[in-house]
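These notes concern the structure reproduced below.
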Amino acid sequence: MLAVCVAIVMVFVLVLALSIDARWGEPRPVVHPVVLMGRYLQACGDVITARPPALAFVGGALAWLAGVLVVGALTFALQAQILRQVTHLVLNPGLDKAAIAMLWVVLMGWLLKCMLSWRMLHDEVGAVETALQQSVEAGRARLAWLVSRNTALLSESEVRESAIESLAENLNDSVVAPVFWFVLFGLPGAAIYRFANTADAMWGYRGMHRGQHWEWAGKWAARADDVLSWLPARLTAGLLALVARGLPVGALRWEAAKTPSPNSGWPMAAMALALGVSLRKPGVYTLNAAGRPAEAADTASARKYASKAVFALVLWATTAIFLIALTLFPGISQ
């Protein structure tokens with residue numbers, strides 16, 4: 001019984017997090033935990049990038065590990081407190097205990113929401129397409145909010161392709177991967193992944209970036225993100241293949257291998273094949289080269305595929321949470 005109740009709470013937290021995201025989007029920066037992570041990473045980055053290569057690498061690894069320990073410890077303590085409240089409620093029901101437990105669960109749902117971001121991603125990709133309808137220049141300017149690449153010389157088709165690529169890649173980074181690690185390890189799993197992904201976004205550059213040298217300072221963060229994103233990226237591709245009613249596995253694997261990243265190619269290749277379009281990063285890769293140029297309708301289709309993938313993710317996560325709870329705690333599930 002207790003294992004089932006815990007599983008119900010975890011599923012409720014996940015659904016609550018996505019509901020908060022759908023209704024209110026991102027919280028204000030002053031109370032956003034990821035903003036605090038970013039400030040810590042920025043402060044550490046200013047110090048470690050000024051060091052020689054060996055010290056920069058060690059400093060980057062130690063700063064990353066320290067951040068993970070703090071984030072993991074805080075979220076583990078919070079989750080343990082919440083599960084204690086739920087246990088007390090199950091063993092000794094009462095309105096006062098129910099009210100207290102619900103407040104803790106709502107807090108956990110809000111924190112999980114902060115570790116994922118679906119509404120903003122969905123809306124920003126749509127905003128790029130809306131801007132493109134005004135002019136290519138407007139589309140380029142709006143795309144610059146979404147991607148780190150130089151957008152000044154992109155054609156209309158390239159702007160659209162970049163937005164669709166970003167949707168597919170960040171579907172993994174901002175939704176699937178946090179949920180995946182939440183399913184396995186609860187709130188600490190999602191929070192640690194969000195810290196690692198934020199560190200990669202801020203530190204994971206080759207050579208110079210904005211006046212700082214990241215080749216060695218950001219190497220640990222980049223590799224750690226590769227490891228933590230490996231399974232979720234392939235799960236994202238699988239979810240997109242599912243909602244597209246099947247994709248050729250061989251072609252998906254072939255296309256995914258074309259990108260420098262070991263992970264981002266999977267969701268992007270899946271989206272390219274699902275839409276039947278070619279997605280390109282000039283001078284770097286072309287996914288589904290036989291596909292047609294992306295059109296306005298493809299942006300709408302990409303958003304629909306991604307939305308369906310999120311729904312499928314929730315169904316997968318719900319099933320996995322119950323299976324894990326009943327498997328790990330069979331003795332207290334009766």
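Scope of the values below: all heavy atoms of this structure, side chains included, with no hydrogens, waters or symmetry mates. Just so you know, residue 1 is the first one in the sequence shown, and it goes up from there. Computed from a prediction, not measured in an experiment: that's the story for all the values here.
Between the side chains of Y193 and S229, at least one donor N or O lies within less than 3.5 Å of an accepting N or O. For the residue pair E169/N263, the side-chain donor-acceptor check at 3.5 Å is not satisfied. Donor-acceptor pairing under 3.5 Å is lacking for the side chains of R292 and S278. Side-chain polar atoms of Q81 and R84 form a donor-acceptor pair below 3.5 angstrom. Between the side chains of E161 and S157, at least one donor N or O sits under 3.5 Å from an acceptor N or O.
Using modelled atom types, one side-chain atom of D298 and one backbone atom of E295 make a donor-acceptor pair closer than 3.5 Å. Checked by atom type and distance alone, the side chain of T286 never pairs as donor or acceptor with a backbone atom of A289 at under 3.5 Å. Proximity of a side-chain donor or acceptor of T75 to a complementary backbone N or O of G72 within less than 3.5 Å is detected. Q79 places a side-chain N or O within 3.5 Å of a backbone atom of L187 that can act as its donor or acceptor partner. Between the side chain of E165 and the backbone N or O of S162, no donor-acceptor pair lies under 3.5 Å. Under the 3.5 Å distance criterion, the side-chain polar atoms of T318 are matched with a main-chain donor or acceptor of V314. Using a distance-only test at 3.5 Å, with no hydrogens or angles considered, no donor-acceptor pair links the side chain of R142 to the main chain of V128. Using modelled atom types, no side-chain atom of W110 and backbone atom of I20 make a donor-acceptor pair closer than 3.5 Å.
Residues M37 and F185 do not share a hydrophobic cluster, clusters being chains of Ile/Leu/Val/Met/Phe/Trp/Tyr side chains in contact below 4.5 Å. A continuous path of ILVMFWY side-chain contacts below 4.5 Å connects V277 to L167, so both sit in one hydrophobic cluster. V15 and L323 fall into different hydrophobic clusters, defined by Ile, Leu, Val, Met, Phe, Trp and Tyr side-chain heavy atoms under 4.5 Å apart, directly or through other members. If you chain together hydrophobic residues whose side chains sit under 4.5 Å apart, V105 and F76 never meet in one group. In the hydrophobic clustering of this structure, L231 does not group with W266; members are Ile, Leu, Val, Met, Phe, Trp, Tyr whose side-chain heavy atoms approach within less than 4.5 Å, directly or through other members.
The closest side-chain heavy-atom distance from D123 to R119 is below 4.5 Å. Using a 4.5 Å cut-off on side-chain heavy atoms (C-beta onward), W214 and R206 make no contact. Put simply, the side chain of L18 reaches to within 4.5 Å of the side chain of L116, judged on heavy atoms. At least one side-chain heavy atom of L55 sits less than 4.5 Å from a side-chain heavy atom of P52.
Using a cutoff of 4.0 Å between basic side-chain nitrogens and carboxylate oxygens, D200 and R223 are not scored as salt-bridged. Classification of R140 and E156 as a salt-bridged pair fails, no side-chain N sitting under 4.0 Å from a carboxylate O. In summary, D21 and K113 engage in a salt bridge, as defined by a charged side-chain N under 4.0 Å from a carboxylate O. E129 has no carboxylate O lying under 4.0 Å from a charged side-chain N of R303, or vice versa, which leaves the two without a salt bridge.
The two residues L89 and A101 have their closest heavy-atom pair at CD2-CB, 4.2 Å.
Summarising the local packing, CZ of F322 is surrounded by more than 12 heavy atoms from other residues, nucleotides or ligands at distances under 6.0 Å. The local environment of CG in L153 is sparse, with at most 12 non-hydrogen atoms from other residues, nucleotides or ligands closer than 6.0 Å. Within a 6.0 Å sphere centred on CH2 of W118, other residues, nucleotides and ligands contribute more than 12 heavy atoms. More than 12 heavy atoms of other residues, nucleotides or ligands shown are found within 6.0 angstrom of NZ on K219. For CG of L95, the number of neighbouring non-hydrogen atoms (other residues, nucleotides, ligands) closer than 6.0 Å is 12 at most.
Rounding to the nearest 0.5 Å places CD of Q85 at 7.0 Å from CH2 of W104.
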What verdict does the side-chain contact (heavy atoms from CB on, under 4.5 Å) test give for L275 and N288, after you've listed the backbone C-alpha separation in whole Å, the side-chain angles of each residue and the deciding distance to 0.1 Å? CA-CA 10 Å; L275 296 173; N288 193 26; over 6 Å; no
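Using the six-membered ring where Trp is involved, F57 and W216 have ring planes that are perpendicular, over 60° apart on the 30 and 60° scheme.
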